[in-house]
2 protein chains.
Amino acid sequence: MPYKERDIEKQYFTIGEVAAQFNVAPSLIRFWETEFEELRPRKSKKGNRLYTPQDIDIFRTIYHLVKERGYTIPGARDLMKQKGPQLKEKIDVIQSLEKIRKFMVTMKKELDAISKAQ
Amino acid sequence: MPYKERDIEKQYFTIGEVAAQFNVAPSLIRFWETEFEELRPRKSKKGNRLYTPQDIDIFRTIYHLVKERGYTIPGARDLMKQKGPQLKEKIDVIQSLEKIRKFMVTMKKELDAISKAQ
DNA sequence: ATGTCGCGTTCTTTGTAGGGCATGGGGCGA
DNA sequence: TCGCCCCATGCCCTACAAAGAACGCGACAT
């Protein structure tokens, strides 16, 4: 029995899923597609965008630069041209540290709650 | 004989001189003054802005971030808040390297010219 | 099986708030 | 008279959001 198309396609995410994951509007993702040639996902026959995990990594990089670091779109674009893949590594590290920070803040709150309860 | 006021004042640059140095309009400098609290030069009795070399360093930092790196104004502002003085050092290094690069490009051109002439 | 109703999601195209200055007017001191 | 001051207003893109059409899918009736 050959693979059903659905099974193959589920390697991909829809634009709505990506939008939800980053809490942005689909229109923003489509707009960035016009601004960053790196962000050109496959499309289904119907024309729907199909995002691979790699596509999502690229989106995350752009999101980080534009929304978290405050780059303009040309600024982010230039940086990606030069630094390309190195950038992903750096951002992964940053995001790991950010998670750790959040964890520690939570811990601190709980510790504060305990010490006050006494 | 006491210092004449001119001698003291000539420690300073006018907005026009600063504008010329960076090849920007005075209106841009005034506008950035409303956006970056770090960029608030002294003013003469008359109200004219008096830029010290330190003020110019601050302007250079902003110029570098906004015009050369492609940060938005809020992005540059946030970066200056956190990194403040460290940033100046980094930018000094970058600008030195940039000068060296230009020098080397010039050298290369001359070398090319020589090798072609033969 | 087949029509179709409605809902959610997607598409592309068009509209738009506001970010980032520039310009113009009126005034002042050297 | 020149160069700077301070507003106020003007203005052009940037960076999206909204509008409107089309599609896919389940439910329900035919």
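Every chain is numbered from 1 and lettered A, B, ... according to where its sequence line falls, protein lines coming before strand lines.
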Taking only N and O in the side chain of A:Arg49, is any of them less than 4.0 Å away from OP1 or OP2 of C:dT10?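 No, no such contact exists.
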
Suppose the criterion is salt bridge (Lys or Arg N to Asp or Glu O under 4.0 Å): which pairs have a residue in residues 61-71 of chain A, not counting sequence neighbours?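 Those involving residues 61-71 of chain A do not exist here.
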
Gap between atoms OH and P, on B:Tyr71 and C:dG20 respectively (whole Å):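 So the two atoms are 15 Å apart, to the nearest Å.
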
In terms of relative ring orientation, are B:Phe59 and B:Phe22 parallel, tilted or perpendicular, with 30° and 60° separating the classes?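 Taking B:Phe22 first and then B:Phe59, their aromatic rings stand perpendicular (interplane angle over 60°).
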
Figure out the CD1/C1' separation between A:Ile15 and C:dT10, and round it to whole Å.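 Distance, rounded to whole Å: 8 Å.
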
Keeping the roles fixed (side chain from B:Arg77, backbone from B:Phe36), state whether a donor-acceptor pair exists under 3.5 Å.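 Side chain of B:Arg77 to backbone of B:Phe36, a donor-acceptor pair under 3.5 Å: no, none is there.
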
Taking the six-membered ring for Trp, are A:Tyr71 and B:Tyr71 closer than 6.0 Å centroid to centroid?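 Aromatic pair counts; centres sit under 6.0 Å.
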
Roughly, in whole Å, what's the span from CG in B:Leu50 to P in D:dG3?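 After rounding, the gap between these two atoms is 18 Å.
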
Whether A:Lys67 contacts D:dC16 is assessed here as follows: a side-chain N or O lying under 4.0 Å from the phosphate OP1 or OP2. Is that the case?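 Yes, because at least one side-chain N or O of A:Lys67 sits under 4.0 Å from OP1 or OP2 of D:dC16.
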
Which nucleotide in the set C:dG20, D:dC16, D:dC5 lies at the smallest distance from any side-chain heavy atom of B:Phe31?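 Looking only at side-chain atoms, B:Phe31 lies closest to C:dG20.
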
Output the rounded distance in Å from CD (A:Glu17) to C1' (C:dG8).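 Distance check: A:Glu17 CD to C:dG8 C1' gives 14 Å.
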
Show the distances under 3.5 angstrom between N or O atoms of the protein and N or O atoms of nucleotides 22-30 of chain C.
unit_1: C:dA22; atom_1: OP2; unit_2: B:Ser27; atom_2: OG; d: 2.8

B:Val66 side chain: which of D:dC5, D:dC16, C:dC21 is closest?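 So the side chain of B:Val66 is nearest to C:dC21.
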
How close or far is atom P of D:dC6 from atom CD1 of B:Ile29, stated in whole angstroms?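 These atoms are roughly 13 Å apart.
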
Between P of C:dG18 and CD1 of B:Ile73, the distance in whole Å: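 Between P of C:dG18 and CD1 of B:Ile73: 16 Å.
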
Provide, to the nearest angstrom, the distance between the OH atom belonging to A:Tyr12 and the P atom belonging to C:dT10.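 Result: 17 Å.
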
If the threshold is 4.0 Å, N to carboxylate O, is there a salt bridge linking A:Arg60 and A:Asp57?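 Judged by the 4.0 Å cut-off on N to carboxylate O distance, A:Arg60 and A:Asp57 do form a salt bridge.
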
In this structure, how many angstroms lie between the C1' atom of C:dT9 and the CZ atom of A:Phe13, rounded?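 Going from A:Phe13 (CZ) to C:dT9 (C1'), I get 17 Å.
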
Looking at B:Trp32, I'd like to know whether one of its side-chain N or O atoms comes within less than 4.0 Å of OP1 or OP2 on C:dC21.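 For C:dC21, OP1/OP2 do have a side-chain N/O of B:Trp32 under 4.0 Å.
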
When you compare the side chain of B:Gln21 with that of B:Ile56, does any pair of heavy atoms fall below 4.5 Å?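 Side chain of B:Ile56 against side chain of B:Gln21, heavy atoms only: contact under 4.5 Å found.
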
Phosphate-side-chain proximity, A:Thr14 and C:dT10, N/O vs OP1/OP2 below 4.0 Å: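 For A:Thr14, the contact criterion (side-chain N or O under 4.0 Å from OP1 or OP2 of C:dT10) is met.
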
Does the pair A:Glu89/A:Lys83 count as a salt bridge with the N-to-O cut at 4.0 Å?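 Salt bridge: no.
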
